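All ligand and atom numbering here is 1-based and tracks the order in the structure. In this text, all values refer to a predicted model and were calculated from it rather than measured experimentally. Starting from 1, each residue takes its place in the sequence as its number.
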Amino acid sequence: MTRILFYLDEPGKDVWRPAFEAAMPGVDFRDYPDWGSPDDGPAYAFAWEPELGLIAKYSNIVAVFSLGAGVDHITRDTSIPTDLPIIRMSDDGLKEGMAEFVLMTVLMHHRYMPRMMTAQRNHKWQRLFPKRAENVRVGILGYGALGIACADALKPLGYGLAAWSRTAKPAESGIEHFTGPEQFNDFLARTDILVGLLPSTPETTGLLNKDTMGLMPKHASIINVGRGTLVNLDDLVTLLDSGHLAGATLDVFTEEPLNDSDPLWDHEKINITPHIASITRPETAAEYVANNIKKIETGQQPDNVLDRMRGY
Ligand code: NDP
Ligand code: OXD
């Protein structure tokens with residue numbers, strides 16, 4: 001019988017047990033703190049932000065499934081053995097959710113929706129005239145599972161699309177590819193609406209700062225849905241206040257939840273959402289975990305194992 005040790009410290013988590021029971025009939029699903037003893041036999045952890053030290057204490061864990069695509073909420077715990085596989089979430093539900101959110105926010109920035117909403121609050125009949133989509137250059141930082149899903153959703157609208165990644169991608173119609181630090185500035189210089197979809201690693205931390213965002217065209221916008229570590233927020237505010245950048249949508253922050261007294265909440269050019277660009281959906285995620293466990297138990301390589309050298 002497969003044993004799942006579940007850790008999620010959020011309301012509404014009761015939806016997970018039935019999803020796992022449907023995807024893995026007979027599963028022994030244990031919600032923390034009911035994890036039993038490390039001597040109970042092999043188990044898989046399925047967790048979001050597990051307590052520090054907890055995973056290492058359960059020496060019967062054979063792999064840790066991240067409830068999210070990012071794994072920084074697990075790797076922050078340095079007591080986890082470095083040879084324990086950590087598996088990133090990459091199910092269809094997560095891709096669909098991110099594509100919806102990015103499509104919505106790109107359209108909002110393209111169609112000046114934040115300014116329209118401010119005008120409404122001020123009873124102002126303010127007519128603004130957006131460019132045709134083909135004249136708006138959208139750039140996606142990170143062309144992995146989620147970046148690709150977002151590009152696929154944006155393509156039919158006709159935007160000038162580009163993506164930046166660490167390794168080169170094969171040529172593809174409808175999207176221009178940029179690779180590595182040497183092509184980063186060119187990517188920024190051609191991007192009117194930037195979508196941040198990078199994992200948090202030492203290489204991606206602080207990539208968007210005064211100097212780099214300053215290379216973007218005047219009135220460019222930033223949408224950050226990857227990790228908060230990507231953007232230097234003081235620099236972002238400076239560039240918004242100077243009028244160089246037009247607006248920003250921020251879904252992720254270095255400290256979450258964002259402190260309720262943080263001045264970012266009231267910045268008229270910033271839209272804030274609480275890390276909900278895409279949420280992991282129980283049905284598709286439980287299926288994804290079940291398929292990956294099947295692979296492990298039949299001696300195959302599971303999908304999306306964290307590469308600790310790359311950091312994602
Ligand atoms: P993937 O691992 O599939 O893709 C990551 C992409 O980032 C790849 O294209 C990779 O390049 C690129 N990348 C990584 N490091 C660098 C670097 N140093 N320079 C250039 N490119 C780099 O991840 P996902 O698409 O599944 O998820 C991306 C991130 O989105 C997650 O790590 C998570 O932080 C965030 N996320 C946020 C959510 C939210 O609700 N806000 C929900 C889910 C995820 P290459 O292709 O060459 O490997
Ligand atoms: C994440 C997620 O990694 O929610 O942020 O999947």
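- The nearest protein atom to atom 6 (O) of ligand 2, hydrogens excluded, is given as A69 N, 2.8 Å; this is a heavy-atom distance.
- Within the 3.5 Å criterion, the main-chain N or O of I276 finds a donor-acceptor partner in the side chain of D251.
- Judged by the shortest distance from any of its heavy atoms, K95 lies outside the 4.0 Å radius around the atoms of ligand 1.
- Distances below 4.0 Å separate heavy atoms of G68 from the following atoms of ligand 2: 2 (C), 3 (O), 6 (O).
- Only side-chain heavy atoms of R227 come within less than 4.0 Å of ligand 2; its backbone N, CA, C and O stay farther off.
- Linking Ile, Leu, Val, Met, Phe, Trp and Tyr whenever their side-chain heavy atoms come within less than 4.5 Å leaves V231 and V225 in two separate clusters.
- When heavy-atom distances to ligand 1 are checked against a 4.0 Å cut-off, M89 has no atom that comes that close, whether in backbone or side chain.
- The main-chain N or O of G36 is never found under 3.5 Å from a side-chain atom of D34 such that the two would form a donor-acceptor pair.
- For atom 38 (C) of ligand 1, the closest non-hydrogen atom on the protein side is M98 CE, 3.4 Å.
- Below 4.0 Å from some heavy atom of K169 lie the following atoms of ligand 1, by number and element: 45 (P), 46 (O), 47 (O).
- With S66 as the partner, the side chain to side chain donor-acceptor pair (under 3.5 Å) test is satisfied by one option alone out of H73, R88, E49: H73.
- Side-chain contact check for D186 versus F178: some heavy-atom pair is nearer than 4.5 Å.
- Within ligand 1, the atoms closer than 4.0 Å to a non-hydrogen atom of E203 are 18 (N), numbered from 1 in the order shown.
- Residue contact check: V225 has heavy atoms under 4.0 Å from atoms 35 (C), 36 (N), 37 (C), 38 (C), 39 (C), 41 (N) of ligand 1.
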Working for salt bridge (charged side-chain N to carboxylate O under 4.0 Å, His left out), residues R3 and D40: CA-CA 9 Å; R3 182 172 298 120; D40 285 350; 5.3 Å; no
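- Residue S278 has at least one nitrogen or oxygen atom sitting less than 3.5 Å from a nitrogen or oxygen atom of ligand 1, judged on distance alone.
- Not one N or O of I276 is nearer than 3.5 Å to an N or O of ligand 1, by distance alone.
- Contacts of L197 with ligand 1, taken as heavy-atom pairs under 4.0 Å, involve both backbone and side chain.
- Backbone and side-chain nitrogen or oxygen atoms of S200 are examined, and none is located within less than 3.5 angstrom of a nitrogen or oxygen of ligand 1.
- Atoms of ligand 1 lying under 4.0 Å from at least one heavy atom of A277, given by number and element, are 39 (C), 40 (O), 41 (N).
- With a 4.0 Å cut-off on non-hydrogen atoms, H275 touches ligand 2 through its side chain and not its backbone.
- Ranking protein heavy atoms by distance to atom 16 (C) of ligand 1, first place goes to R166 CB, 3.9 Å.
- Residues F29 and L8 fall within the same hydrophobic cluster, defined by Ile, Leu, Val, Met, Phe, Trp and Tyr side chains chained together at heavy-atom separations under 4.5 Å.
- Within a 6.0 Å sphere centred on CD of E182, heavy atoms belonging to other residues, nucleotides or ligands number more than 12.
- In this structure, a donor-acceptor pair under 3.5 Å is present between the side chains of E172 and Y143.
- Using a 4.0 Å heavy-atom cutoff, T201 is absent from the residues neighbouring ligand 1.
- Put simply, the side chain of E256 gets close to the backbone of F253: a donor and an acceptor are under 3.5 Å apart.
- No continuous path of hydrophobic side-chain contacts links F65 to W35 [ILVMFWY only; heavy atoms under 4.5 Å].
- Within the 4.0 Å heavy-atom shell around ligand 1 one does not find G68.
- Atom 4 (O) of ligand 1 has its closest protein heavy atom at G144 CA, 3.2 Å.
- The closest non-hydrogen atom to atom 5 (C) of ligand 1, taken over P199, G142, G226, comes from P199.
- Of all the heavy atoms of V252, the ones lying under 4.0 Å from any atom of ligand 1 belong exclusively to the side chain.
- Considering backbone and side-chain atoms alike, R227 places an N or O below 3.5 Å from some N or O of ligand 1.
- Counting non-hydrogen atoms of other residues, nucleotides and ligands closer than 6.0 Å to CG of D241 gives a total above 12.
- Nearest protein heavy-atom neighbour of atom 13 (N) of ligand 1: L198 CD2, 3.5 Å.
- When hydrogens are left out, the protein atom nearest atom 9 (O) of ligand 1 is Y143 N, 2.8 Å; that is the closest non-hydrogen contact.
- Residue-level proximity to ligand 1 for D251 is carried by the side chain, the only part with a heavy atom below 4.0 angstrom.
- Some N or O of R88 is nearer than 3.5 Å to an N or O of ligand 1, by distance alone.
- Evaluated by nearest non-hydrogen atom to atom 24 (P) of ligand 1, the leading choice among L146, I279, L141 is L146.
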Audit row: R166, Y312, side chain to side chain donor-acceptor pair (under 3.5 Å) steps and yes/no: CA-CA 11 Å; R166 195 178 54 84; Y312 65 98; 2.7 Å; yes
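- Atom 3 (O) of ligand 1 has A145 N, 2.9 Å as its closest protein atom, hydrogens excluded (heavy atom only).
- Considering backbone and side-chain atoms together, W164 places no N or O closer than 3.5 Å to any N or O of ligand 1.
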Candidate pair Y288 and D303, rule side chain to side chain donor-acceptor pair (under 3.5 Å), full reasoning: CA-CA 9 Å; Y288 171 87; D303 300 325; 5.7 Å; no
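- Residues W164 and I175 fall into different hydrophobic clusters, defined by Ile, Leu, Val, Met, Phe, Trp and Tyr side chains chained together at heavy-atom separations under 4.5 Å.
- Between the side chains of T212 and N209, at least one donor-acceptor pair of N or O atoms lies under 3.5 Å.
- Here is the list of ligand 2 atoms found below 4.0 Å of a heavy atom in G70: 1 (C), 3 (O).
- Counting heavy atoms from C-beta outward, N232 and K210 have side chains that stay 4.5 Å or more apart.
- Looking at atom 10 (C) of ligand 1, its nearest protein heavy atom turns out to be Y312 OH, 3.4 Å.
- In this structure, T191 contributes its side chain and I193 its backbone to no donor-acceptor pair below 3.5 Å.
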